[in-house]
Amino acid sequence: MDIRLQQADYNRAQGEASMSLTGKRSHTQRIEVLAESVFTVCAFFAVFAVFAITLYMIANGVPAICRLGVREILFSSVWKPTAADPSFGILYVILSSVAGTALAVLLGVPAALLTAVFLAEVAPRPLAAVVRPAVELLAGIPSVVYGLLGMLILNPLMYRLEQRLFRGSGTHQFTGGANLLSAALVLAVMILPTVISVSETALRAVPEQLRASSMALGASRIQTIFRVVLPAARPGIVTAVVLGVGRAMGEAMAVNLVSGGSVNVPLPFSSVRFLTTALVSEMGYAEGLHRQALFTIGLVLFGFIMIVNILLHRILRGADGP
Amino acid sequence: MNGIKIETTDLNLYYGNHHALKAVTMDIRADAVTALIGPSGCGKSTFLKALNRMNDLTKGVRITGRVRLDGVDIYASGVDMTALRRRVGMVFQQPNPFPMSIYDNIAYGPRIHGEKSRARLDAVVERSLRRAAIWEETKDRLKKPAAGLSGGQQQRLCIARALAVEPEVLLMDEPTSALDPASTLKIEELLLQLKRSYTVVIVTHNMQQAARVADDTAFFLAGEVIEKGRTKRLFSGAQDTRTRDYIAGRYG
Ligand SMILES: Nc1ncnc2c1ncn2[C@@H]1O[C@H](COP(=O)(O)OP(=O)(O)OP(=O)(O)O)[C@@H](O)[C@H]1O
Ligand SMILES: [Mg+2]
């Protein structure tokens with residue numbers, strides 16, 4: 001009896017609830033639909049932008065390849081765009097960009113990872129509170145300032161080193177310290193903040209219980225960090241590295257100021273021209289085929305960034321994926 | 001009948017100013033299952049973690065009193081934490097396999113303790129998985145990521161991982177609360193097997209579970225042990241009304 005009464009109450013309450021629900025539904029639904037379409041439009045804008053940029057780069061980068069041939073432009077090393085008998089080989093420019101980026105990543109990523117580990121796992125709170133804002137500030141410094149500092153501080157030091165290393169060398173072309181190594185060092189510093197903060201976030205997202213489980217098996221903190229926490233944070237760290245590679249590859253201003261700028265085989269103490277610096281330094285005055293060849297350089301750069309994004313993710317992430 | 005494996009004397013634990021364990025004095029029998037029961041926040045997990053010094057990882061924790069493992073004070077200076085945690089293993093509430101293969105999960109502990117021989121690792125992995133009753137389900141996929149296992153399987157994997165370092169004591173904090181009834185049953189059966197050679201301390205909110213698996217039970221309330229003793233006695237006739245109320249489900 002008692003129970004039946006409660007059941008009736010319950011039914012009535014349910015009825016009222018569903019009535020008020022239907023009353024509100026049309027309004028809520030309209031907002032839902034509206035919101036959904038706004039999201040869709042925004043999402044499609046991003047897709048559209050990628051497509052448009054890709055098409056534009058291809059449309060402008062391909063003509064020079066057609067006119068000169070793939071070999072003549074991509075695999076030839078002589079870059080004399082304004083000579084009487086011009087030549088548009090960008091092989092050394094491509095190699096310089098690749099070498100500079102690789103070196104920067106080799107130097108910058110380990111340092112950044114260790115900093116991230118320090119911030120996320122080791123540092124006492126007050127110390128992290130000092131280091132973290134410093135890292136964030138590093139990200140906010142305009143790249144041209146990095147270039148200026150590199151010019152003022154790094155290049156002179158590099159020049160001294162160069163003088164010592166190549167004293168009496170008959171073949172070395174002295175660069176005054178503006179060389180591949182300087183560019184790589186500046187780039188290494190420039191990618192630090194991105195790689196640090198993205199990896200730190202990834203490390204912090206690792207559940208506390210994983211650490212506890214490792215410690216409970218008798219592992220030390222350091223063992224836990226290197227054997228459990230870093231592997232667990234791997235997807236995020238891969239993203240950090242990819243962002244770092246992209247940043248290093250795409251950087252123009254700072255590199256332009258510290259790398260010397262001549263087209264050369266990318267050796268550590270040679271003055272070099274990167275894909276990006278070729279664009280910024282020559283686009284202003286280039287005409288005709290030279291201009292088209294610069295667009296090809298742009299296309300190559302674009303291609304590299306795309307490949308890095310896709311391949312690096314596959315390789316680094318896929319190794320032990322499910 | 002059984003000897004005393006762990007004995008705590010006047011154990012107090014403070015999180016900053018919060019007095020989380022109040023003068024806990026308790027004997028834990030060897031080769032038996034001891035259940036810790038009590039309402040949420042009463043200090044069960046805290047007490048459990050005091051037994052392998054996992055509280056050391058938490059900032060601002062202060063401990064007074066004694067915890068003796070086979071008569072030796074584990075809070076004495078100079079205690080080797082690695083050795084202690086090797087002897088006193090732990091299984092957590094959420095199944096949490098490491099992001100690596102099933103094999104590497106089990107081999108993790110032995111490797112930490114310096115085992116390099118492939119043959120011996122193989123043997124340890126098989127033995128541990130068998131003891132945790134999950135060998136049949138995993139033997140063909142040892143190289144696959146452990147994340148691919150079901151929740152119940154993952155929890156048995158975590159038990160196997162803890163067993164792989166040959167502990168003497170196994171601490172389990174609500175090991176089945178995230179699992180379905182079938183997996184829970186498997187783990188309870190496993191506990192009854194394990195207690196032949198291990199001392200098990202288990203925190204549980206499930207009174208039936210305590211009644212099914214535990215030889216001894218201790219009832220915690222607000223950081224104190226209100227009553228402890230043989231599970232049968234506690235469940236059939238507790239002396240303290242608060243214990244009776246809690247067991248009957250009339251408590252927080
Ligand atoms: N790291 C910590 N810092 C401060 N206080 C804590 C910390 N961990 C636990 N406490 C407090 O100590 C008391 C005991 O917590 P504990 O986790 O041991 O409870 P419990 O019995 O395991 O509860 P539950 O059944 O909900 O898991 C609680 O009041 C809790 O808020
Ligand atoms: Mg708890």
Side-chain angles (χ1 to χ4, degrees), chain A residues 113 116-130 198-241 313-322, chain B residues 45 48-49 51-59 80-101 104-114 141 143-149 154 157-159 161-167 169-173 178:
Chain A
L113 274 187
V117 166
F118 176 76
L119 285 176
E121 305 287 325
V122 186
R125 209 161 285 196
L127 192 52
V130 175
V198 176
S199 342
E200 193 200 341
T201 310
L203 291 171
R204 284 192 185 281
V206 174
E208 207 45 53
Q209 277 214 346
L210 274 188
R211 294 182 185 86
S213 288
S214 169
M215 305 286 284
L217 286 165
S220 69
R221 282 199 80 92
I222 300 295
Q223 284 172 323
T224 300
I225 289 169
F226 283 96
R227 297 187 189 206
V228 172
V229 181
L230 281 172
R234 181 167 159 157
I237 290 173
V238 170
T239 304
V241 173
H313 264 282
R314 284 255 170 90
I315 295 168
L316 293 178
R317 199 177 268 185
D320 62 354
Chain B
S45 299
L48 202 66
K49 285 188 278 182
L51 303 183
N52 67 343
R53 296 192 58 171
M54 288 298 282
N55 287 315
D56 291 17
L57 305 178
T58 311
K59 285 201 190 73
D80 177 4
M81 217 57 83
T82 299
L84 168 66
R85 293 192 181 137
R86 185 176 187 168
R87 292 177 63 193
V88 185
M90 191 161 206
V91 174
F92 296 78
Q93 179 173 8
Q94 296 291 334
N96 54 355
F98 297 140
M100 46 183 89
S101 70
D104 289 340
N105 260 279
I106 308 298
Y108 183 86
R111 280 179 177 146
I112 288 288
H113 299 296
R141 50 197 286 203
K143 295 290 165 204
K144 296 270 166 58
L149 297 170
Q154 286 185 10
L157 178 85
C158 291
I159 294 173
R161 183 174 70 189
L163 296 181
V165 296
E166 306 281 341
V169 180
L170 206 53
L171 309 175
M172 306 178 120
D173 198 346

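Every heavy atom of this structure was used, including side-chain atoms; hydrogens, water molecules and symmetry mates were not. Proteins get letters first, then strands, A, B, ... in listed order; numbering begins at 1 in each.
For B/Arg53, no part sits under 4.5 Å from any heavy atom of chain A, backbone or side chain. Proximity to chain A (any heavy atom under 4.5 Å) is restricted, for B/Val88, to the backbone atoms N, CA, C and O. In this structure, no portion of B/Pro167 lies under 4.5 Å from any heavy atom of chain A. Within the 4.5 angstrom heavy-atom criterion, no atom of B/Arg87 approaches chain A.
The two residues A/Gln223 and B/Tyr108 have their closest heavy-atom pair at O-OH, 4.0 Å. In terms of heavy-atom proximity, B/Pro99 sits nearest to A/Pro231 at CG-C, 4.0 Å.
Residues of residues 208-221 of chain A lying under 4.5 angstrom from chain B, judged on non-hydrogen atoms, are A/Gln209, A/Leu210, A/Ala212, A/Ser213, A/Ser214, A/Met215, A/Ala216, A/Leu217, A/Gly218, A/Ala219 in numerical order.
Of the listed residues B/Lys144, B/His113, B/Gln93, the one with more heavy-atom pairs under 4.5 angstrom with chain A than any other is B/His113. Of all the listed residues (B/Gln94, B/Met81, B/Met90), the one sharing the greatest number of non-hydrogen pairs under 4.5 Å with chain A is B/Gln94.
To the nearest 0.5 Å, the span separating NZ on B/Lys59 from CZ on A/Arg125 amounts to 5.5 Å.
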